[in-house]
Amino acid sequence: MRINKFIAHAGVASRRKAEELIKQGLVTINGQVVRELATTVKSGDVVEVEGSPIYNEEKVYYLLNKPKGVISSVSDEKGRKTVIDLLPQVKERIYPVGRLDWDTTGVLILTNDGDFTDKMIHPRNEIDKVYVARVKGLANKENLRPLTKGVVIDGKKTKPARYNIIKVDPEKGRSVVELTIHEGRNHQVKKMFEAIGMPVDKLSRTKFGTLDLTGLRPGEARRLNKKEVSQLHNAAINKTK
Ligand code: URA
């Protein structure tokens with residue numbers, strides 16, 4: 001098995017992240033640094049990433065209702081609380097599938113399955129992600145229309161999104177809008193609303209593919225069952241056909 005696939009299978013990182021680790025010289029096989037992405041791992045080989053041996057673990061999948069004030073990574077050099085700190089009972093080396101901002105709440109999947117992660121975050125697979133944003137300004141068809149056509153953020157146009165106006169509050173001068181996108185660019189929702197002059201002051205992800213937050217309070221997590229995991233696989237496969 002190729003080294004990046006082996007690392008992804010072991011749940012250490014997605015395949016793409018594994019390639020980065022290899023290029024950075026952080027991966028060894030039997031004590032020798034590997035820099036060649038085409039290197040294969042044979043049975044009995046000892047693979048280490050950043051000095052720690054890696055093993056293939058059972059694949060596990062969790063759904064977290066991410067609260068505000070935690071970061072979506074495995075560790076933080078500044079010692080801030082991470083989403084991993086919210087699942088202390090999990091023994092496997094899980095990590096978040098994509099990111100939610102520090103102040104964004106809602107649906108976040110965590111797993112040790114690198115192939116699953118790649119599939120969920122690949123834009124080609126068009127998994128719907130639904131966000132509810134409280135924005136400045138009074139939402140209407142005219143000012144939200146650019147979101148459905150695509151707006152330019154970081155020099156690149158977004159794919160057409162769908163919206164649903166949930167509330168318009170003229171007294172407070174703000175609105176609540178549901179937005180469905182299937183890309184996952186950095187700060188995408190905030191930047192999309194920023195691009196139409198309606199900055200976001202509160203953001204929650206209410207759905208990721210077939211998953212929603214039913215039964216989970218902020219900070220709570222539960223394990224996904226096999227059916228839920230295959231539904232997510234199908235949500236991705238169906239779009240690639
Ligand atoms: N878009 C954002 O702007 N922030 C998130 O956390 C997720 C999507």
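Values in this document were obtained by computation on a predicted structure and should not be read as measured data. Positions are given from 1, in the same order as the sequence printed here. Order of listing sets the numbers, starting from 1, for every ligand and every atom in it. The figures that follow rest on heavy atoms only: side chains count, while hydrogens, waters and symmetry mates do not.
Close contacts of ligand 1 with Thr104, meaning ligand atoms under 4.0 Å from a residue heavy atom, involve 4 (N), 5 (C), 6 (O). Short contacts between ligand 1 and Tyr131, defined as distances under 4.0 Å to a heavy atom of the residue, involve ligand atoms 7 (C), 8 (C).
Neither the backbone nor the side chain of Val200 has a heavy atom within less than 4.0 Å of ligand 1. Residue-level proximity to ligand 1 for Asp101 is carried by backbone and side chain together, each with a heavy atom below 4.0 angstrom.
Side-chain contact check for Lys159 and His182: no donor-acceptor pair (N or O, by modelled atom type) lies under 3.5 Å. Residues Ser73 and Thr82 bring no donor and acceptor atom of their side chains to less than 3.5 Å of each other.
Under the 4.5 Å side-chain heavy-atom criterion for Ile, Leu, Val, Met, Phe, Trp and Tyr, Ile181 and Val176 are members of distinct hydrophobic clusters. In the hydrophobic cluster analysis, where Ile, Leu, Val, Met, Phe, Trp and Tyr join through side-chain heavy atoms closer than 4.5 angstrom, Leu108 is grouped apart from Leu232. Val60 and Leu224 end up in different hydrophobic clusters when Ile, Leu, Val, Met, Phe, Trp and Tyr side chains are linked at under 4.5 Å.
Inclusion of Arg99 in the set of residues having an N or O under 3.5 Å from an N or O of ligand 1 is not warranted. Here's the thing with Leu100: none of its N/O atoms is less than 3.5 angstrom from an N/O atom of ligand 1. The distance criterion of under 3.5 Å between nitrogen or oxygen atoms is met by Lys190 with respect to ligand 1.
Distance check, rounded to the nearest 0.5 Å: OH of Tyr131 to CG of Leu203 gives 7.0 Å.
In terms of protein heavy atoms, atom 1 (N) of ligand 1 is closest to Val189 N, 3.0 Å.
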